[in-house]
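Report on the structure given below.
Naming: A, B, ... by sequence-line order, numbering from 1 per chain.
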Amino acid sequence: MAINITFPDGSRVSEQPGTTIRDAVGRWNGGAVATTVAAKLDGVPVDFGRPLEKSGTIEPISINSAEGLSILRHSISHVMAEAVQDLFEGVKVAIGPSIEDGFYYDFDFKDTFTPEDLEKIESRMREIIADDRPFVRKEVAREEAKRFFAERGETYKVELIDDLPEDVASVSLYSQGAFTDLCRGPHVPSTGTMGAFKLLNVAGAYWRGDERNRMLQRIYGTGFPSVDELTEHLRLLEEARRRDHRRLGRELDLFQMNDEAGPGLIIFHPKGALLRTIIEDWERKEHLKRGYDIVMGPHILKGDLWKKSGHFDHYRDNMYFTEIEDQLYGIKPMNCIAHMLIYKSKIRSYRDLPVRYFELGTVHRHEKTGVLHGLMRVRQFTQDDAHILCTPEQLNDEITAIANFVADAMKIFGFDYEVELSTRPADSIGSDEDWARATTALRKALEGSAIPFEINEGDGAFYGPKIDFKLKDVLGRKWQCATIQCDFALPERFDLTYVGADGDRHRPVMLHRVILGSIERFIGVLIEQYAGAFPLWLSPVQALLLTVTDRHIPYGEEVYRKLLDAGVRAERDFRNEKLGYKIREGQIQKTPFMLVIGDREVEGKTITPRQRDGKNMDALTVEDFILHVRERVDRHE
RNA sequence: GCCGAUGUAGCUCAGCCGGUAGAGCAACUGAUUCGUAAUCAGUAGGUCCGCGGUUCGAAUCCGCGCAUCGGCUCCA
């Protein structure tokens with residue numbers, strides 16, 4: 001009896017049961033077969049060679065789609081696992097999924113894999129690919145699969161099967177040649193369909209991502225349908241290395257990290273400190289404009305306060321402590337405590353709310369050595385932190401205003417971002433009702449502004465749920481910067497109150513929020529975003545003055561003076577070097593403007609700006625140049 | 001914190017099987033006074049990450065520690 005198959009374009013064909021999807025697709029559109037790696041049968045991804053059993057819809061998955069790419073990479077990971085087991089005796093396989101930029105497979109092996117091993121594995125993979133072995137799917141009973149892997153000593157697979165929900169009666173196995181893996185699939189039809197791949201590096205990874213478990217060896221690789229796409233991806237990796245803020249930070253003389261000073265501590269050089277000052281000045285201005293008050297708190301506060309706040313019980317491992325005259329003091333990892341003390345300094349009326357306390361607050365957090373990374377992850381950093389105390393009724397407007405603030409800031413710096421809502425973690429304080437209220441408030445504000453978001457279960461702060469803004473840089477990498485946290489717990493613990501219109505005392509709600517997050521991290525992201533070529537308004541040096549010969553120095557000094565007086569950040573290179581040499585150095589430093597001063601300029605009382613893109617502006621007076629710079633700085637260019 | 005790799009001049013890197021350290025760029029000095037990405041010549045520069053061990057002798061081999069890099073866990 002024939003069955004009816006519907007394709008995405010609406011066309012229907014009649015097929016005999018047992019016909020493969022491949023054949024059906026071939027009859028529908030012969031051209032599609034070559035680029036198809038699998039298909040969705042009634043919306044469920046399955047192998048291209050799967051026989052049809054009943055009527056339904058088929059949607060081919062192209063190797064050029066995101067889903068197809070993921071299937072390809074997953075298949076490559078199986079081939080890699082086979083190659084590894086071929087080459088090395090006693091390797092156990094764990095898991096090997098496709099990931100955003102490629103794939104990995106985790107192995108348990110007594111020896112360690114070296115970069116040379118990766119080459120050997122790649123060669124063996126090419127042999128397997130040349131064999132063009134089909135990926136064969138087999139559905140077996142759960143117990144049979146367990147026996148199968150137990151006999152082969154594949155204890156990780158046995159554990160995976162044991163942990164399946166009880167109602168799962170059977171699992172699927174995929175084999176290519178002699179290698180069989182527990183796998184949901186689908187896979188590409190055969191090992192001949194592998195596109196272009198490359199193994200990249202080997203790293204440690206805990207079994208099931210739990211640090212209490214055994215550490216396995218993870219081999220990372222990437223794969224693409226074509227060699228060209230692989231080459232382009234490798235070029236992007238190279239580009240990322242070229243933009244690395246640690247490298248540019250040294251080359252542009254922005255900051256250093258110093259072994260003698262200690263890990264995770266940044267020393268800002270004049271240009272880095274200037275860049276930071278520009279950003280911080282912008283922050284102060286923006287916050288005052290938006291109704292925040294600037295405050296400043298101490299770096300250390302008595303231990304009892306940290307006990308009261310819950311930090312001592314829930315955040316102690318991340319804190320540093322010191323002792324003064326037998327009194328325990330905690331070095332602040334967050335800025336909220338002092339802000340609450342400011343709130344408590346007098347009786348507050350509902351008419352005073354909301355209050356918004358802003359501080360460029362420098363905090364210290366103990367980070368494990370292995371996580372430190374340039375400016376992105378450090379032990380001392382400064383947050384553009386604020387705490388807003390408001391009535392429950394004001395909560396929505398305040399959260400919305402912060403989200404708008406984030407949107408405005410990200411626009412100025414040229415970033416896209418994604419939003420996540422993180423809910424209550426296991427280790428936390430406060431009542432269930434308060435957590436529910438806080439989470440709802442955050443969600444409603446996002447929904448009210450039609451901001452799309454994803455839920456990140458159990459990832460909130462210990463005192464409240466949070467909205468995280470993950471900023472995306474030009475290379476598509478994501479960074480956590482802005483965050484809004486809704487907190488009913490700390491106002492309770494510190495007994496913060498306001499007098500309501502009814503004359504009674506009420507509890508305010510506290511919002512913790514940062515816009516750029518850590519200034520250090522944000523600068524790191526900015527360096528990579530702009531590849532060190534900062535826009536004019538941020539550039540520590542906006543204009544570099546270059547003399548052609550020594551006789552132009554007096555006029556050069558005059559110009560330099562005028563620029564400084566006008567607030568233009570200028571530097572001089574009046575050395576006795578050829579112009580081309582000075583320009584090369586200025587260009588390497590990515591200076592927005594180089595102002596050339598020679599006979600023509602001295603005579604006409606002008607300067608000739610050379611832009612970073614290599615083009616010259618027409619000669620103009622210093623005054624006109626200053627106006628030009630000011631206009632562009634005002635537009636945040 | 002865990003797994004792995006790495007650590008030589010300011011930077012990038014070479015240095016074989018253990019025999020006492022080298023290049024390019026940068027720096028400094030001199031000459032050159034020059035118009036849009038590198039003028040020429042010379043000089044100087046090293047705790048070979050640190051400590052200990054093996055050895056007649058260690059940058060090189062071994063151990064411990066520190067730091068960095070790539071990941072994992074964690075996170076702004």
Side-chain angles (χ1 to χ4, degrees), chain A residues 104 106 109 111-115 117 200-220 241 244 246-247 250-251 253 256-264 315 317-318 333-334 361 363 365-385 422 425 459 461 466 468-471 479-483 485 512-522 524-525 546-553 575-589 594-601 608-611 614-616:
Chain A
Y104 67 78
D106 285 347
F109 183 43
D111 298 331
T112 55
F113 298 121
T114 65
D117 289 339
L200 296 172
N201 54 344
V202 48
Y206 299 109
W207 165 237
R208 302 197 135 181
D210 190 326
E211 63 183 325
R212 288 164 302 190
N213 286 341
R214 186 174 166 77
M215 172 123 344
L216 308 173
Q217 294 185 69
R218 174 171 297 179
I219 299 180
Y220 282 94
R241 270 190 287 278
D244 191 313
R246 294 166 297 191
R247 174 199 175 108
R250 187 178 55 236
E251 288 174 2
D253 200 12
Q256 68 170 302
M257 277 156 293
N258 188 305
D259 286 2
E260 287 180 286
Y315 206 74
D317 290 348
N318 286 296
M334 299 184 191
V363 296
R365 295 185 187 174
H366 179 67
E367 299 290 348
K368 295 175 180 176
T369 50
V371 308
L372 301 175
H373 177 89
L375 295 181
M376 307 303 197
R377 198 72 186 274
V378 293
R379 289 191 175 140
Q380 176 189 306
F381 58 100
T382 299
Q383 296 179 302
D384 59 339
D385 203 2
S422 297
D459 211 33
K466 57 180 183 167
D468 284 330
F469 297 78
K470 307 262 177 182
L471 158 176
W479 302 100
Q480 159 84 74
C481 290
T483 175
Q485 302 168 352
H512 309 238
R513 49 104 283 185
V514 292
I515 303 297
L516 307 184
S518 145
I519 303 293
E520 282 79 356
R521 173 179 292 182
F522 192 74
V525 174
L546 306 179
T547 45
V548 177
T549 76
D550 287 353
R551 68 175 173 277
H552 306 121
I553 291 177
R575 289 175 302 171
N576 173 20
E577 292 287 352
K578 291 174 80 168
L579 184 62
Y581 181 84
K582 298 190 199 182
I583 285 178
R584 177 183 152 78
E585 288 198 347
Q587 200 67 38
I588 288 169
Q589 290 296 308
M594 282 179 257
L595 308 181
V596 176
I597 295 164
D599 287 340
R600 292 202 291 271
E601 287 75 17
T608 305
R610 179 192 203 272
Q611 297 171 337
K615 291 181 190 132
N616 269 356

Let me know the distance between [atom1] of [X] and [atom2] of [N], rounded to the nearest Å.
{"X": "A:Arg575", "N": "B:U29", "atom1": "CZ", "atom2": "P", "answer": "12 Å"}
{"X": "A:Ile219", "N": "B:C3", "atom1": "CD1", "atom2": "P", "answer": "18 Å"}
{"X": "A:Glu577", "N": "B:U29", "atom1": "CD", "atom2": "C1'", "answer": "13 Å"}
{"X": "A:Asp253", "N": "B:A27", "atom1": "CG", "atom2": "P", "answer": "13 Å"}
{"X": "A:Asn616", "N": "B:G35", "atom1": "CG", "atom2": "P", "answer": "14 Å"}
{"X": "A:Lys368", "N": "B:C2", "atom1": "NZ", "atom2": "P", "answer": "10 Å"}
{"X": "A:Arg365", "N": "B:G1", "atom1": "CZ", "atom2": "P", "answer": "19 Å"}
{"X": "A:Arg218", "N": "B:U73", "atom1": "CZ", "atom2": "C1'", "answer": "11 Å"}

Query raised in the report: Does the distance from a Lys or Arg side-chain N to an Asp or Glu carboxylate O, for A:Asp599 and A:Arg551, drop under 4.0 Å?
Result: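 A salt bridge links A:Asp599 with A:Arg551.
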**Report entry** Salt-bridge contact A:Arg212-A:Asp210 (side-chain N to carboxylate O under 4.0 Å)
**Finding:**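 Result for this pair is yes, salt bridge flagged.
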For a quick check of understanding: with a heavy-atom distance under 4.0 Å over all strands, which category does [X] fall into, base, sugar-phosphate or nothing?
{"X": "A:Val371", "value": "base"}
{"X": "A:Asn318", "value": "nothing"}
{"X": "A:Gly598", "value": "base"}
{"X": "A:Asp210", "value": "nothing"}
{"X": "A:Val378", "value": "base"}
{"X": "A:Glu601", "value": "base"}
{"X": "A:Gly370", "value": "base"}
{"X": "A:Asn201", "value": "sugar-phosphate"}
{"X": "A:Glu367", "value": "base"}
{"X": "A:Lys470", "value": "nothing"}
{"X": "A:Tyr220", "value": "sugar-phosphate"}

[M] and [N], which share atom name [atom1], separated by this distance in whole Å:
{"N": "B:U39", "M": "B:G45", "atom1": "P", "value": "26 Å"}
{"N": "B:G46", "M": "B:U32", "atom1": "C1'", "value": "33 Å"}
{"N": "B:C49", "M": "B:U60", "atom1": "P", "value": "8 Å"}
{"N": "B:C48", "M": "B:A59", "atom1": "C1'", "value": "4 Å"}
{"N": "B:G22", "M": "B:U8", "atom1": "C1'", "value": "10 Å"}
{"N": "B:A23", "M": "B:G15", "atom1": "C1'", "value": "11 Å"}
{"N": "B:C61", "M": "B:A5", "atom1": "P", "value": "14 Å"}
{"N": "B:U12", "M": "B:G70", "atom1": "P", "value": "14 Å"}

**Report entry** Residue matched to B:U54 through Watson-Crick or wobble contacts both under 3.5 angstrom
**Finding:**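 Paired with B:U54, as far as the under-3.5 Å criterion goes, is no nucleotide at all.
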Query raised in the report: According to the Watson-Crick and G-U wobble definitions, with both distances under 3.5 Å, which nucleotide is paired to B:U32?
Result: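 Pair assignment: B:U32 / none.
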Think [X] has a side-chain N or O under 4.0 angstrom from the OP1 or OP2 of [N]?
{"X": "A:Arg241", "N": "B:C69", "answer": "no"}
{"X": "A:Thr549", "N": "B:C34", "answer": "no"}
{"X": "A:Arg246", "N": "B:C69", "answer": "yes"}
{"X": "A:Tyr581", "N": "B:C25", "answer": "no"}
{"X": "A:His373", "N": "B:G70", "answer": "yes"}
{"X": "A:Arg250", "N": "B:G10", "answer": "no"}

Atom pairs, protein N/O to nucleotides 4-7 of chain B N/O, distance under 3.5 Å:
none

Query raised in the report: What residues form a side-chain hydrogen bond (donor to acceptor under 3.5 Å, both in side chains) with A:Arg250, not counting sequence neighbours?
Result: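 Counting only residues at least two positions away or on another chain, A:Arg250 forms no side-chain hydrogen bond (donor to acceptor under 3.5 Å, both in side chains).
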[atom2] on [Y] to [atom1] on [X], rounded to 0.5 Å:
{"X": "A:His373", "Y": "A:Arg246", "atom1": "NE2", "atom2": "CZ", "result": "4.0 Å"}
{"X": "A:Phe109", "Y": "A:Ile219", "atom1": "CZ", "atom2": "CD1", "result": "10.0 Å"}
{"X": "A:Glu211", "Y": "A:Tyr206", "atom1": "CD", "atom2": "OH", "result": "5.5 Å"}

Does [X] reach the main-chain N or O of [Y] with its side chain, forming a donor-acceptor pair under 3.5 Å?
{"X": "A:Gln589", "Y": "A:Glu251", "value": "yes"}
{"X": "A:Lys582", "Y": "A:Thr547", "value": "yes"}
{"X": "A:Arg513", "Y": "A:Asp384", "value": "yes"}

Report each atom pair, protein N/O against N/O of nucleotides 40-42 of chain B, whose distance is under 3.5 angstrom.
none

So does [X] reach the base of [N] with its side chain, donor to acceptor, closer than 3.5 Å?
{"X": "A:Asn576", "N": "B:C34", "answer": "yes"}
{"X": "A:Tyr206", "N": "B:G1", "answer": "yes"}
{"X": "A:Arg377", "N": "B:C74", "answer": "yes"}

**Report entry** Test side-chain contact (heavy atoms from CB on, under 4.5 Å) applied to A:Asn616 and A:Arg610, step by step
**Finding:** CA-CA 4 Å; A:Asn616 269 356; A:Arg610 179 192 203 272; 3.3 Å; yes
Query - salt bridge (Lys or Arg N to Asp or Glu O under 4.0 Å) involving A:Asp106 - partner list, sequence neighbours excluded - result: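 A:Asp106 satisfies salt bridge (Lys or Arg N to Asp or Glu O under 4.0 Å) with A:Arg218 once adjacent residues are dropped.
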Query raised in the report: salt bridge (Lys or Arg N to Asp or Glu O under 4.0 Å) with A:Arg379: which residues, sequence neighbours excluded?
Result: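 Once residues adjacent in sequence are excluded, A:Arg379 has no partner under the salt bridge (Lys or Arg N to Asp or Glu O under 4.0 Å) criterion.
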Query raised in the report: Is there side-chain contact between A:His552 and A:Glu601, with heavy atoms separated by less than 4.5 Å?
Result: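 They are not in contact (no side-chain heavy atoms under 4.5 Å apart), so the answer is no.
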Query - Side-chain heavy-atom pair A:Pro333, A:Asn318 within 4.5 angstrom cut-off - result: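 The answer is no; the side chains never approach within 4.5 Å.
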Query raised in the report: Hey, can you pull the residues of residues 582-589 of chain A with a non-hydrogen atom under 4.0 angstrom from RNA chain B?
Result: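 Of all residues in residues 582-589 of chain A, the ones placing a heavy atom under 4.0 Å from RNA chain B are A:Ile583, A:Arg584, A:Gln587.
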Query raised in the report: Are there more than 12 heavy atoms of other residues, nucleotides or ligands under 6.0 Å from atom CZ of A:Arg241?
Result: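 For A:Arg241, atom CZ is crowded (more than 12 foreign heavy atoms under 6.0 Å).
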